[in-house]
Amino acid sequence: MSEDLYESCWLNYRKIEDPYLLKQYSNWCANFVAVVDTPLIQSALNEFDMGIRGMLGIIPFISTTVNKTSFVIVGVLGNNPEIDREVSVSEQNSIMEDGYLIKNIKAGGKCYIVVTGKNDRGVLYGIFELLRLIRINTDLNGIAKIENPCNALRVVNHWDNMDGSIERGYAGKSIFFEDNKITRNLKRIRSYGRLLASIGINGVVINNVNAHETETKLITKEYLPYVAEIADVFREYGIRLFLSVNFASPIELGGLRTADPLDDEVKNWWQKKAEEIYAYICDFGGFLVKADSEFRPGPFTYNRNHADGANMLAEAVKPHGGVVFWRCFVYNCLQDWRNKTIDRAKAAYDHFMPLDGMFNDNVVLQIKNGPMDFQVREPVSPLFGGLTKTKTMLELQITQEYTGQQKHLCYLAPMWKEIMNFDTCCKGEGSTVDSIISGVAGVANVGDDLNWTGFQLAQSNLFGFGRLVWNPSLSSREITEEWVRMTYSNDEEVVNTVLEMLLKSWKIYESYTSPLGIGWMVNPGHHYGPNVDGYEYSKWGTYHRADLEGIGVDRTVRSGTGFTKQYCSEIASKYEKLDTCPEELLLFFHHVPYTYRLKSGETLIQYIYNTHFDGADEAVKLKEKWQSLREKIKEPYFLHVLERLEGQIEHAKEWRDVINSYFYRKSGIKDELGRQIY
């Protein structure tokens, strides 16, 4: 494979065009000083060499000692006197695990750049940051930058199956599995490791949370040698490998009569299994578990609770430094749509809040960002802020299951930014989600397509996820501009145009699909395309409750399901009342008459009409903006994106017409502007 814009994404390392910066960078980067004593330092050296060759057009001279007056020197603190004497005590104290310092030193007739950290992973991240700063044309004179990750756990979850398919995958087949075997294409996985390390990811789960019969066998001697080869590759980039496991493995693999987590035979089986796994993979991260949800086995079968199940597995991996990620996506998926007292949104809180404080310290509860299922708009799960004695982890969906399936442009960083900034008020004002969690997991959006994500612009979601998880204080604009400059160009017209397209795209997608917090108006199963009643009379608990008078689910304490009381009092009181509920979530919490007037002065039904017409029009403008860059984007990439945007326009029109026609026929109220509604 050639390293081009498609395959290397934002690591394409094109030539720097600014002559002043080119000279500045070349003075330092022509000489690289490092003692290569770990695989991660070797990866840093390789990346630096690749980046400098591409961006500066020079081959850096690599040495283990300082013999020039201008150079870049890298190493772990405490291992090199040349580095240590120029890093102050306060700087050393400011660098945390996985953090790094990039500093320009001018002393003793020398002018050089130090890249250091307290571990070799920090050094690797520091080199990626240095290359990023060069790629986006940053003046490095006088730089003294310390960065530490805000989240210790920065993980991507792959929903890959061993037959090569990917559940909710929109970019081809799995890069890990094919034909029920583990791939031998480690080169592709190494390239992926580079991408993940460049955005600070330190954990990867390679198989589906729905661990079916074949995937269950990944923890056996038949497959572990090959899993270990993948772990070896990721280790070179500071990434620990995790596996999703089947809770019923003691029965399916061990021949036991039970998988009861309190059974001594079961406990012993898992402990021996953990020893076996760690014999192959010394730094194995641990297990991801989906239990008692959507027909997956779990502790409920044995009248045990989730703490019983999670703790049993946690005890098995704890002696080896392992962690258990236990998903909170647990609900009754055999509901009667006629029963309005049952509310899927309440399920996770009801299951896990009574267990707060009962989980072992190496268990992390992995909680979807909202109480439902990755809709284009829903409130933050009340488990964030509710659970105060248990480690929690935010789960986001990078792959666009409900947000256009990588056929539509829908950049999700602004959504994630809102979620992470949400104030739970659990410890008073300022208790934002990002301040109370232990980490973040993202459901990956990559496959074996040449451009990794199916739609080349969807690469921005993977990049945005990593950057935001590393540093939630970064603005969406800052992250987006980085991606555009690294992926395409520092040309200001390109930067400003693509930046605007990305930052507006989530709201555009929302406007022609689901209004004011109502979701699920999609085709069942594959979840692509409009079908207003697709889930309305189903078993899955996914309702919009539209009738002749209005639309929305009453989740108030006063007259509905009582979901609002799961939040702390400040938030609950806001959601409970129609006039104080944030309008973007109005229909999630309230059943609202079509004639209700919003703050804009529009009636609800007119808002639905207007936003769907406007959204389809905005999709056309996305294409027009992209077309303005025809002379500045390489033709294959330009045409690829153009084709996707043209498809988005047609699909947005379909959404517009299906949604508007449904609610016109349901309400009988005409569009005030007289536009065509079928």
Side-chain angles (χ1 to χ4, degrees), residues 11 13 16 21 24-56 58 60-107 110-149 194 197-200 202 236-238 467 470-471 482 486:
L11 299 181
Y13 297 137
I16 297 297
L21 291 174
Q24 180 195 92
Y25 299 149
S26 297
N27 286 339
W28 286 310
C29 297
N31 300 289
F32 186 80
V33 181
V35 176
V36 182
D37 52 2
T38 73
L40 270 73
I41 299 294
Q42 182 64 57
S43 295
L45 187 155
N46 293 342
E47 197 69 31
F48 184 83
D49 182 70
M50 186 188 308
I52 296 310
R53 286 175 186 247
M55 292 189 289
L56 307 184
I58 61 176
F61 177 76
I62 298 170
S63 64
T64 58
T65 58
V66 174
N67 50 28
K68 303 288 184 181
T69 59
S70 186
F71 51 89
V72 173
I73 183 170
V74 307
V76 177
L77 279 170
N79 290 1
N80 190 314
E82 190 81 32
I83 292 175
D84 295 342
R85 67 169 169 261
E86 298 299 343
V87 181
S88 69
V89 173
S90 63
E91 287 172 329
Q92 291 184 40
N93 292 338
S94 297
I95 304 171
M96 304 297 150
E97 184 176 359
D98 289 1
Y100 57 80
L101 164 70
I102 301 175
K103 187 176 183 181
N104 178 210
I105 306 295
K106 297 176 182 178
K110 298 175 183 176
C111 181
Y112 57 99
I113 291 179
V114 168
V115 181
T116 189
K118 287 186 176 175
N119 58 30
D120 53 4
R121 201 160 43 234
V123 173
L124 177 64
Y125 295 150
I127 285 296
F128 275 116
E129 175 65 7
L130 177 62
L131 293 171
R132 177 161 48 237
L133 293 173
I134 292 173
R135 184 69 198 88
I136 65 176
N137 286 4
T138 307
D139 190 332
L140 299 178
N141 266 312
I143 189 171
K145 180 175 187 176
I146 293 176
E147 276 219 15
N148 297 303
R194 286 182 59 225
S198 75
I199 51 176
N202 65 358
E236 296 174 15
Y237 292 96
R467 295 294 288 139
W470 177 275
N471 184 1
E482 279 185 354
M486 294 180 70

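For the numbers below, each heavy atom of this structure counts, side chains included, while hydrogens, waters and symmetry mates do not.
- Nearest approach of Ser198 to Leu11, heavy atoms of both residues: CB-CD2, 3.9 Å.
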(request) Begin from the C-alpha positions of Leu130 and Val74 and carry the test side-chain contact (heavy atoms from CB on, under 4.5 Å) through to its verdict. (result) CA-CA 11 Å; Leu130 177 62; Val74 307; over 6 Å; no
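- Checked by atom type and distance alone, the side chain of Lys103 pairs as donor or acceptor with a backbone atom of Glu86 at under 3.5 Å.
- Closest approach of Thr116 to Val87, counting heavy atoms only: CG2-CG2, 4.3 Å.
- Looking at Lys110 and Ile105, their side chains never come closer than 4.5 Å, going by heavy atoms from C-beta outward.
- For Asn148, there are no side-chain hydrogen bond (donor to acceptor under 3.5 Å, both in side chains) partners at least two apart in sequence or on another chain.
- Applying the ring pair (Phe, Tyr, Trp, His ring centres under 6.0 Å) rule to Tyr25 yields no partners; only residues at least two apart in sequence or on another chain are considered.
- With sequence neighbours excluded, the residues satisfying side-chain contact (heavy atoms from CB on, under 4.5 Å) with Ser94 are Ile146.
- Residues passing the side-chain hydrogen bond (donor to acceptor under 3.5 Å, both in side chains) test with Tyr100: none are found, sequence neighbours excluded.
- Of the inter-residue distances, the one linking Ser70 atom OG with Ile113 atom CD1 reads 8.0 Å to the nearest 0.5 angstrom.
- Glu147 places none of its side-chain heavy atoms less than 4.5 Å from the side chain of Leu101.
- The side-chain heavy atoms of Cys111 and Asn104, taken from C-beta on, include a pair separated by under 4.5 Å.
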Anything under 3.5 Å between a donor and an acceptor, one on a side chain of residues 32-52, the other on a protein residue two or more places apart or in another chain? List them.
| from | atom 1 | to | atom 2 | distance (Å) |
| --- | --- | --- | --- | --- |
| Thr38 | OG1 | Leu40 | N | 3.4 |
| Thr38 | OG1 | Ile41 | N | 3.1 |
| Thr38 | OG1 | Asp120 | OD2 | 3.0 |
| Gln42 | NE2 | Asn46 | OD1 | 2.8 |
| Ser43 | OG | Pro39 | O | 3.1 |
| Ser43 | OG | Glu236 | O | 2.6 |
| Asn46 | ND2 | Gln42 | O | 3.4 |
| Glu47 | OE1 | Arg194 | NE | 2.8 |
| Glu47 | OE2 | Tyr13 | OH | 2.7 |
| Glu47 | OE2 | Arg194 | NE | 3.3 |
| Glu47 | OE2 | Arg194 | NH2 | 2.7 |
| Asp49 | OD1 | Arg53 | NE | 3.2 |
| Asp49 | OD2 | Arg53 | NE | 2.9 |

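- Under the side-chain hydrogen bond (donor to acceptor under 3.5 Å, both in side chains) criterion, Asn202 pairs with no residue at all, not counting sequence neighbours.
- Atom CD1 of Ile199 sits about 11.5 Å away from atom CH2 of Trp470, to the nearest 0.5 Å.
- Under the side-chain contact (heavy atoms from CB on, under 4.5 Å) criterion, Lys118 pairs with Leu77, Ile95, sequence neighbours left out.
- Annotation: salt bridge (Lys or Arg N to Asp or Glu O under 4.0 Å) contacts involving residues 68-80, sequence neighbours excluded, are absent.
- With sequence neighbours left out, Glu482 forms a side-chain contact (heavy atoms from CB on, under 4.5 Å) with Arg132, Ile136, Phe463, Arg467.
- Residues satisfying the side-chain contact (heavy atoms from CB on, under 4.5 Å) criterion with Gln24, sequence neighbours excluded, are Tyr20, Leu21, Trp28, Asp139, Leu140, Asn141.
- Closest of all the heavy-atom pairs between Ile83 and Gly75 is CD1-N, 3.5 Å.
- Every residue two or more places apart in sequence or in another chain was checked for a side-chain hydrogen bond (donor to acceptor under 3.5 Å, both in side chains) with Thr138, and none qualifies.
- Considering all non-hydrogen atoms of both residues, Asn119 and Val76 come closest at C-CG2, 3.8 Å.
- One finds the CG atom of Asn80 at 8.5 Å from the CZ atom of Arg85 (value rounded to the nearest 0.5 Å).
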(message) If you apply the rule side-chain contact (heavy atoms from CB on, under 4.5 Å), what do you find for Met55 with Leu131, and how did you get there?
(response) CA-CA 9 Å; Met55 292 189 289; Leu131 293 171; 3.7 Å; yes
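- Listed by first and then second residue, the ring pair (Phe, Tyr, Trp, His ring centres under 6.0 Å) pairs involving residues 60-87 are Phe71-Tyr112 (not counting sequence neighbours).
- In this structure, Cys29 and Pro60 approach most closely via the heavy-atom pair O-CB, 3.3 Å.
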